[in-house]
> 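Attaching a single structure in C-alpha cells format; questions to follow.
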Amino acid sequence: MEKIEIGKKMGGGNLLFAVNGERLEIPTNIDPSTTLIEFLRTQTRFKSVKLGCGEGGCGACVVLLSKYDPVHDKVEDYTVNSCLTLVCSIHGCSITTSEGLGSQKEGFHSIHQRFAGFHATQCGYCTPGMCVSLFSALVNAEKKDGTEPSPGFSKLKVSQIDKAMAGNLCRCTGYRPIVDACKSFAADVDIEDLGFNTFWQKEENKELKVSKLPVYDSSCQISTFPDFLKNEMKFKMLLDSGKYSWYTPFSIEELHNKLEWSESNNVNRVKLVVSNTGTGYYKELEGYDTYIDLRYIPELSMVKRDSKCIQIGAAVSIAKVIVALEEGGEDRVSEGSITILKKIAAHFEKIASGSIRNSASIGGNLVMAQRCGFPSDIATVLLAVDSSVEMIRSSKRETIKLEEFLERPPLDSKSIILSIKIPILEPSIRSNCKLMFDTYRAAPRPLGNALSYLNAAFFAEVSSRKSADGFMVNKIQLAFGAYGTRHAVRARKAEEFLAGKIIDYDALRKTMNLVRTFVVPEDGVSHPSYRTSLAEAFVFEFLHPLVKSNFGFSSLGLDQDIDSQSATVKENSGQPLLFPAKQVIIPSTEYHPVGKPISKIGAALQASGETTYVDDIPSPKDCLYGAFVYSTKPLARVNCVRYESGSFPDGVVAIVSYKDIPHGGKNIGAQTIFGIDSLFADELTRCAGERIALVVADSQRHADIAANKVVIDYDMENLEPPILTVEDAVDKCSFFDIPPFLCPKPVGDFDKGMAEADQKILSAEIRLPSQYYFYMETQTALAIPDEDNCMVVYSSVQVPEFTHSVVASCLGVPENNIRVITRRVGGGFGGKAIRAMPIASACALAAHKLRRPVRMYLNRKTDMVTTGGRHPMKISYSVGFKLNGKITALHLEILINAGISEDISPIMPSNIVNALKKYDWGAMSLDIKVCKTNHTSKSAMRAPGEIQGSFIAEAVIEHVASTLSIDVDTVRDKNFHTFDSLTLFCQNAAGEPDEYTLPSIWEKLASSSSFDQRKKMVEQFNNTNIWRKKGISRLPIVHGVSVRPTPGKVSILRDGSIAVEVGGIELGQGLWTKVKQMAAFALSLIKCAGSDDLLDKVRVIQADTLSMVQGGFTAGSTTSESSCEAVRICCNTLVERLTPLKESLQEKTGSVNWETLIFQAGLQAVNLSASTYYKPDFTAMQYLNYGAAVSEVEVNLLTGGTTILRSDIIYDCGQSLNPAVDLGQIEGAFVQGIGFFMLEEYLTDPDGLVVNDSTWTYKIPTIDTVPRQLNVEIMNSGHHKNRVLSSKASGEPPLLLATSVHCAARAAIKEARRQLASWGGHVNVSMFQLSVPATMPVVKELCGLDIVERYLSSSLAQQSHS
C-alpha cells in the first residue's frame, strides 16, 4: 500500500486518513479551516472533486466518506460535500473519489462505462460527483437485506435513484440520460424502459441487452475502508501549532473544561464543529482560534427510545435522525404514532441534499435557527409536535420546550444543545378520537436542495360528534416557519379558536382570517402576500377533509386524502420521478462513421475525473492566486482601495489595478468587433459588479478572503444619477449604435396591414429578465510568464483567438509573445466567450507585474455578480388581425438593456427578429434600441435574442387568441408560413421548398404526441379537479443560424495515427466527437486496407493560438459543422496526395494497408499535414432550423407549484453528424430553456448589484423539476446540398421549444382563473400576462392569492341557498 506523507511532522500525533485506498498522513499544524476539497486539489493528485459552488448546493465536490465501527465491525459509507467538510474532521476515515472507482489505466468502473454509454455526460464537470453519488447508493443498497438481484444488477430500486441524485446539478444534459445510466443498475428496472445508448440495438431482446451492459458485480465491490486504517485507529486528535487549535473531547465534562479554559485564556473565537455544513449558508471570511469537534461525545451522538419520546443527541446527523424516526418507538407505540414519526422523517428527507443530510446535525440546524434565524424545516416540524430541547447553559442542565428555546436571545458560545426529545403522540383514551398530522413546504424543488417560501406542520386530535354533522377539534398545534420571521412559531390564536370547534366552512373561513393576520412576513422579505397565502392554503388543506359531508370518520386520520379535489399529490415512494421516454433517431451509414451515434469522446475519462480542465493543471512553482474586488456602486469615483488594518491580510502579495498596466499596454479586459470592455475601473466605476482590482495571494482561499475584506472609498458628489433602467436610457438618449448590416429590416406595408385589420391591440407590453449561465466550472485562467517577455495563458474560454489579442493589448506586447491554450471548457453557453477574457487578462497582467505564475478560479458569487448574463428587455407591440385570427400587421418597439459596454449587444436586434419570423405577420415594422446602462455588460447566452424573439411571437399569438376568445392553436395555424411567406420574411435563409420541413413536423408531432386526444383529456381533468389544473401547448420554432469561417489542420503521424486541430472549442457539445468522425470518414476515401476503421486512430488536440490562428468564436451552434467541413477539406487534400502512391503500391503488391501506405509516404516525402481555412459560400452561410414541441403541465392552485408532466419534441437535424450528440444537445437546451421560463431569477438590488448570487437563491432545473417524460424525435430530413454532409445545427434552437412549457402553464392558469371567476368577484379570465420566469409566487398570484377565501365564501353561499 502506497504511503503518502505530506509536510514535516511537528510534534504530537499526525492526521491520518486514506484517499482511494492510499494512506495519507499529514502533520497537525495544518490550518483547521482547510476544507477537504482544498486539500485534495492542492495536496494530492486527485482532481475529480470539482468546486462548483462552495456551498454544498451543486454536488460537483461529492466524495464517499467511510468510517469504521470497531464495536460492530462494520463500515459506514455515505456521501459528503468536500467543499464544506473540514480536513481535520476526517481523521481515521477513508475517502473515495471517482478516480478511486476506476481509471483508464486500471480499468473503468461499470458506473463510468454506463455513464459514457448512455450519453450521460457532456461538459463532464459535474460527472465525477454524479458517479460518486450513484456509487454510494449502490454500496448502501448492497448492505440491505432482500432478494439477490439478477447478475449485472444491484439491490438498488428504481424509485431510490431520484433521491440519490437529487443533490447533483447538471447544466448540460437535461438529466434524462443520467437517470437512465443510474437505472441500469436497479434490480427492478425494465431494460426496455432505458433510453438510447451504445450498448444495444432497440430491436434486440431483453436477455441480449442485459448481456451487453458493462458488468456490475456487487461481490467484487471496491473496499471503501482499507485494512491498515482499522489497525491504526486513534480517534483523539490534539492539533495545536501555536496559531490554531483543534480539540476532540470525549465527554461533556471535557467539553466544558475546554470552553472554560478558552474563556480564561482569552481565546475569543471558538467554533463548535460537527459537520461545518452551516458555512455553506453563513460564509466564514476568517478562521477561528479554536475548533472543538463534538462528534465523539457519546451523549451527543445517542438515540434513545421509550414509550413517551425519542431522544436524539444534538450531534446526530439528519440522515440518522430520519432512520431513527422511520424505525419508530418501542413496540408499545401505536401505529398512528409511528405514522407521525414516519411523516416527520419523510419531510426531513426534503431538507437540503443527501450529502448534506449525511453530515449536518440536527442540533446544528436548530442552533442556526435560534441564533441566526435560519429558515429551518426541522424547527417548524418539531415545534408542531411540541418537542423539547435539553441543553447546558453556564454548566447547568435544563430541558425546555423547543418554542421557548427558539424565543430566547441568541445562544452564546457556552450554551450547548445536548439532545432533542420528540414526543410519541397518542390519542386520548376516548374511543372516538383520532390523530391528524401532516407537514408542508412550498419550495422551487420538490425533493429538497432548496429553501422553502414557507414550511408548516400541523397536529390535531379530532373526534366525531353524534349530535352534530361534522368533526370536533379537541386540540390542535399549528407551526409555521421560513416565511420571513426570526424563527418558527405557533399560531396560538388560531389554535385557541379551533379547540372545541365543529369544523365547517364558517369555522374554516374564520380560521383563515386568523392565520392571515398572524403569518405576516417582516419588511423586506420577498413575496410577502404569497407566503401568507401559503399558510392559509396549508391550513385549509389540513382541515378541509373535516368539512366534507361525504367523508366518513372511519376513513379519517393520518393518511386522509381529499379525493380527486385534493391539491397535493402525495409522494409515491414506489414510483420513480421520471417516467420512461422514447428517443427516435435514424442513424446514417452513408458517410460512416459520420452519422453513427457513438459516445462522446472522452466520456469515460470525464466520468472517472481524469480529464484535465484549466483548474486541474498543477500549479507551477511559486504560483500565486487572484480574486477580484468589484464595485458595489453603479456610478461613483473610486478614491481608495484599502484595508481597515492598514496592512495586507495573511498571504496577500499585491493588489493589481489599472495603475499596474505597463507602458504601451491598454486597460482592456475584453474585445469584440463592436468595442472593448475595460479590465479594471479607473478613477470612476460605472456599474455595480465592475472589476476594480485583483488581490493576489499565496492561495485561492487567502485571495478570496482578502478580496472580501477590501474597503473601497467611494465619492458620488456632482455625478449624474446612474442609468439603471431602459426608460432612463431613453430619457438620456443612452444607446449603442447598431451597424447598418445588423439592423433588421421591416417586412411589407405596416400601415396597409393595420388598415386591413378587423381588430387591433395597441401598445401591449412585455418585460423579459436576465438569466445567468450557471456553467458548472466558473471562470478560470492560469498565466505563466515565459522567456523573452512572453506569456502562456491557459484559459477556459470559447474564443482563444480574441483572448490572445486582448492579453497582448493589455500587456503592450506583440501578439506572437502570447500563447493561449484551451483544451476543454466545463460548460460555456456563451458565458465563456467575451466574459471569460478579463479573467485571462487579469491573470496575465498580475503575472507580468510579479514575474510569477498567477491563476484564478472565481468563486460562484463573484462569477454571478461580475459576469453579466442574458439581456433583459422591454417590449411594446401593436398588432392588427382579422376575426378569424389571421394577423395582418405587427409593430414592435424593443428596448434592450445591454449594460455598460457593447459586448455582442448590437447583434441582438437581428437575432430577436430572426426568431420572431416563425409566423407570417402579414407586415412587420420595428423600432429596436440597444440601451447603454450602468449595469454589468450583458453578453451572449445560448440562443441570445432568439429565445426572447420566439417568446414574443407566442405572446402576441396568445394575446390575439384571448382577445378573439378562440383557441390559440387556431391562431397559430392561421399564421403558419407558406414557403412563399417564409421566403418573404427570411429571404435566402429559407433555402429550397423541400427544405421547409416545419409543416410536416407540425402534423407529425400532433400525431405522435396524441395532441388532440390529450387536449380533451386535459379539459376533462380540469372539469373534475378543483385544486389542480392542467394545460397543454404545441408550438413551432424557426431558428436561423450562420456558418462562420473556421480553420482546421490534419496531420498523419508515422505510425498512421492522426492528429486534428480545429478552431472550435470542446464545451461539452460533442465538437471533438463529430470532428473525429469526420476525419475518419474523409480519410477512409483513400480506400486502402484498414482505412474504413480509422476512428480510433484519430485524436483531436487542444486549441493553441500560435498553432491554429484565426480560430474565431465557438458559438452560434454551427462551429461543430464548420470545424468538420474544415477537417474534411484537409483530409481531401491528404487523400489527393496519397492516392498516386496508393495506386503505385497496389500495382506492385496487389493491396496496401493504411500503416504501410503512411510509412511509404513518409519515405517518399509526401506532405502528411494539411491545413485550411474553411470559408462558407456567401449564399449558403445562413439557413433555418425547424422544430416543434408539445408540453403538458399541472399547476397546484394552492401553492403555485408547476409540474411538467410530459414534453414531446420533434427537431430537424438534417442528416445528423452524430444523433447521440445531437439528442443530448436537444434535451439539454430544452431544459435550460425551462430554467429561463420557469425557475431562474437573476435579480439585482436598486443599484444593479446582483443579489441572487448563490445556489441558495438561484435555482437551475434539477432532476425533480424537468419533464417527467421527455420524448424526442430527431427528424432526418434528407439531403441539404448546401450543408455539411446535409447536417444542421442542434446546440441552441431547441432552447426555444421550452416556450411550450410556459404557454402550457398559462393555459392551466387560465382554467384556474375561469374557476375563480365562477366563485364570484371580478377576474379577467383570459387577459393576463404570465411573467418570466413563472415561479411559484407568480403562478399562485395569477391563480388567486385569495383562492381559499373565495372558495369558502362560495361554499357558504351555496349552503345558504340550499
Side-chain angles (χ1 to χ4, degrees), residues 671-676 726-727 729-730 732-754 766 768 830 834 870-879 889-933 937-941 943-953 956 981-990 1038-1044 1113 1115-1118 1176 1178-1179 1181-1184 1292 1296:
Q671 182 176 22
T672 66
I673 62 171
F674 307 113
I676 68 168
V726 289
E727 290 85 356
V730 171
K732 298 183 179 180
C733 294
S734 178
F735 306 118
F736 290 117
D737 291 334
I738 305 171
F741 73 94
L742 287 174
C743 283
K745 295 177 175 55
V747 178
D749 188 333
F750 173 76
D751 291 335
K752 180 182 177 183
M754 289 298 273
I766 306 170
L768 291 173
I834 313 304
R870 198 180 289 284
H871 290 75
M873 58 187 66
K874 176 186 176 183
I875 305 100
S876 177
Y877 62 86
S878 297
V879 58
L890 173 67
H891 175 69
L892 287 165
E893 296 178 5
I894 303 177
L895 300 175
I896 301 166
N897 188 337
I900 195 63
S901 65
E902 292 94 335
D903 201 280
I904 55 83
S905 297
I907 73 166
M908 290 293 291
S910 175
N911 284 11
I912 293 169
V913 174
N914 284 343
L916 263 168
K917 292 176 179 178
K918 64 195 281 186
Y919 291 116
D920 176 7
W921 304 110
M924 181 170 67
S925 69
L926 307 158
D927 181 7
I928 306 178
K929 293 181 172 63
V930 179
C931 302
K932 180 179 181 180
T933 63
S937 296
K938 307 309 170 192
S939 192
M941 182 173 179
E946 290 100 348
I947 191 170
Q948 293 99 330
S950 188
F951 177 82
I952 294 165
V956 172
S981 67
L982 182 73
T983 304
L984 173 66
F985 275 80
C986 300
Q987 301 180 334
N988 291 338
V1038 176
H1039 185 292
V1041 295
S1042 298
V1043 182
R1044 290 185 302 276
F1113 274 69
S1117 300
T1118 59
F1178 180 77
T1179 59
M1181 286 179 67
Q1182 295 183 326
Y1183 66 89
L1184 302 179
E1292 293 175 292
L1296 280 56

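Because only heavy atoms are used, hydrogens play no part in the values below, and waters and symmetry mates are left out as well, while side chains stay in. Throughout, residue positions are numbered sequentially from 1 according to the sequence presented.
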> So which heavy atom on Cys986 is nearest to which on Lys917, and how close?
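In this case the closest contact between Cys986 and Lys917 is SG-CB, 4.0 Å.
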> Are any non-hydrogen side-chain atoms of Leu1296 and Lys918 less than 4.5 angstrom apart?
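No, too far: nothing below the 4.5 Å cut-off.
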> Of the non-hydrogen atoms in Ala953 and Tyr919, which two are nearest, and what is the gap between them?
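The pair with the smallest heavy-atom distance is CB-CD1, 4.1 Å.
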> Distance from Gln987 atom CD to Gln1182 atom CD, nearest 0.5 Å?
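Atom-to-atom, Gln987:CD and Gln1182:CD are 9.0 Å apart.
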> Tell me whether the count of non-hydrogen atoms from other residues, nucleotides or ligands lying under 6.0 Å of NZ in Lys732 goes above 12.
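Yes, NZ of Lys732 has more than 12 neighbouring heavy atoms, counting only those of other groups under 6.0 Å.
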> Using atom types as modelled and distance alone, determine if a side-chain donor or acceptor of Ser734 lies under 3.5 Å from a backbone N or O of Lys932.
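Yes, because the side chain of Ser734 sits within donor-acceptor range (under 3.5 Å) of the backbone of Lys932.
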> Please step through side-chain contact (heavy atoms from CB on, under 4.5 Å) for the pair Tyr1183 and Thr1118, ending with a clear verdict.
CA-CA 11 Å; Tyr1183 66 89; Thr1118 59; 4.2 Å; yes
> Checking side-chain polar atoms at under 3.5 Å, does Ser878 have a donor or acceptor matched by the opposite partner on His891?
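There is no such pair between these side chains.
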> Might you point out which heavy atoms bring Ser910 and Pro744 nearest each other, and give the distance in Å?
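Heavy-atom minimum between the residues: N-CG, 3.9 Å.
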> Quick one, Val730 and Phe735 - any side-chain contact, counting heavy atoms below 4.5 Å?
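Contact flag for Val730/Phe735 side chains = yes.
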> Hey, could you give me the CD1/OG distance between Ile766 and Ser876, rounded to the nearest 0.5 Å?
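Separation between the atoms: 9.0 Å.
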> Looking only at atom types and distance, does a side-chain atom of Glu1292 sit under 3.5 Å from a main-chain N or O of Ser1117, one as donor and one as acceptor?
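Checked: pair present.
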> Nearest 0.5 angstrom please: His1039 NE2 to Leu1184 CG, how far?
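Spacing of NE2 (His1039) from CG (Leu1184) equals 10.0 Å.
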> Checking the side chain of Ser925 only, and the main-chain atoms of Pro746 only, is there a donor and an acceptor separated by less than 3.5 Å?
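No: the side chain of Ser925 does not pair with the backbone of Pro746.
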> Just distance, no hydrogens or angles: give the donor-acceptor pairs under 3.5 Å from side chains in residues 895-909, sequence neighbours left out.
from   : atom 1 : to     : atom 2 : distance (Å)
Asn897 : OD1    : Gly899 : N      : 3.2
Asn897 : OD1    : Thr933 : OG1    : 2.6
Ser901 : OG     : Ser937 : OG     : 2.4
Asp903 : OD1    : Ser939 : OG     : 2.6
Asp903 : OD2    : Arg835 : NH1    : 3.1
Asp903 : OD2    : Ser939 : OG     : 3.4
Ser905 : OG     : His871 : NE2    : 2.7
Ser905 : OG     : Glu902 : O      : 3.1

> When you measure from the side chain of Arg1044 to the backbone N and O of Ala1115, does any donor-acceptor pair fall under 3.5 Å?
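Such a contact is found between Arg1044 side chain and Ala1115 backbone.
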> If I compare all heavy atoms of Met754 with all of Val879, which pair ends up nearest, and what's the gap?
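Closest approach of Met754 to Val879: SD-C, 4.0 Å.
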> How long is the span from the CH2 atom in Trp921 to the CG atom in Leu916, to the nearest 0.5 Å?
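The CG atom of Leu916 is 6.5 Å from CH2 of Trp921, to the nearest 0.5 Å.
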> Among residues at least two apart in sequence or on other chains, which ones pass salt bridge (Lys or Arg N to Asp or Glu O under 4.0 Å) with Glu893?
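By the salt bridge (Lys or Arg N to Asp or Glu O under 4.0 Å) rule, Glu893 matches no residue at all.
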> Taking all non-hydrogen atoms of both residues, which atom of Phe985 and which atom of Gly922 are closest, and how far apart?
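Looking at all heavy atoms of both residues, the closest pair is CZ-N, 3.9 Å.
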> Return the CG to CG distance between Leu984 and Asp920, rounded to the nearest 0.5 Å.
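Those atoms lie 7.5 Å apart.
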> How close do Phe750 and Leu890 get, counting heavy atoms only, and between which atoms?
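Residues Phe750 and Leu890, closest heavy atoms: CE1-C, 3.6 Å.
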> Which residue pairs pass the salt bridge (charged side-chain N to carboxylate O under 4.0 Å, His left out) test when at least one of the two sits in residues 735-744, sequence neighbours left out?
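Qualifying pairs, neighbours excluded: none.
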> In Å, rounded to the nearest 0.5 Å, how long is the span from CG of Leu892 to CD1 of Ile875?
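Going from the CG atom of Leu892 to the CD1 atom of Ile875 covers 8.5 Å.
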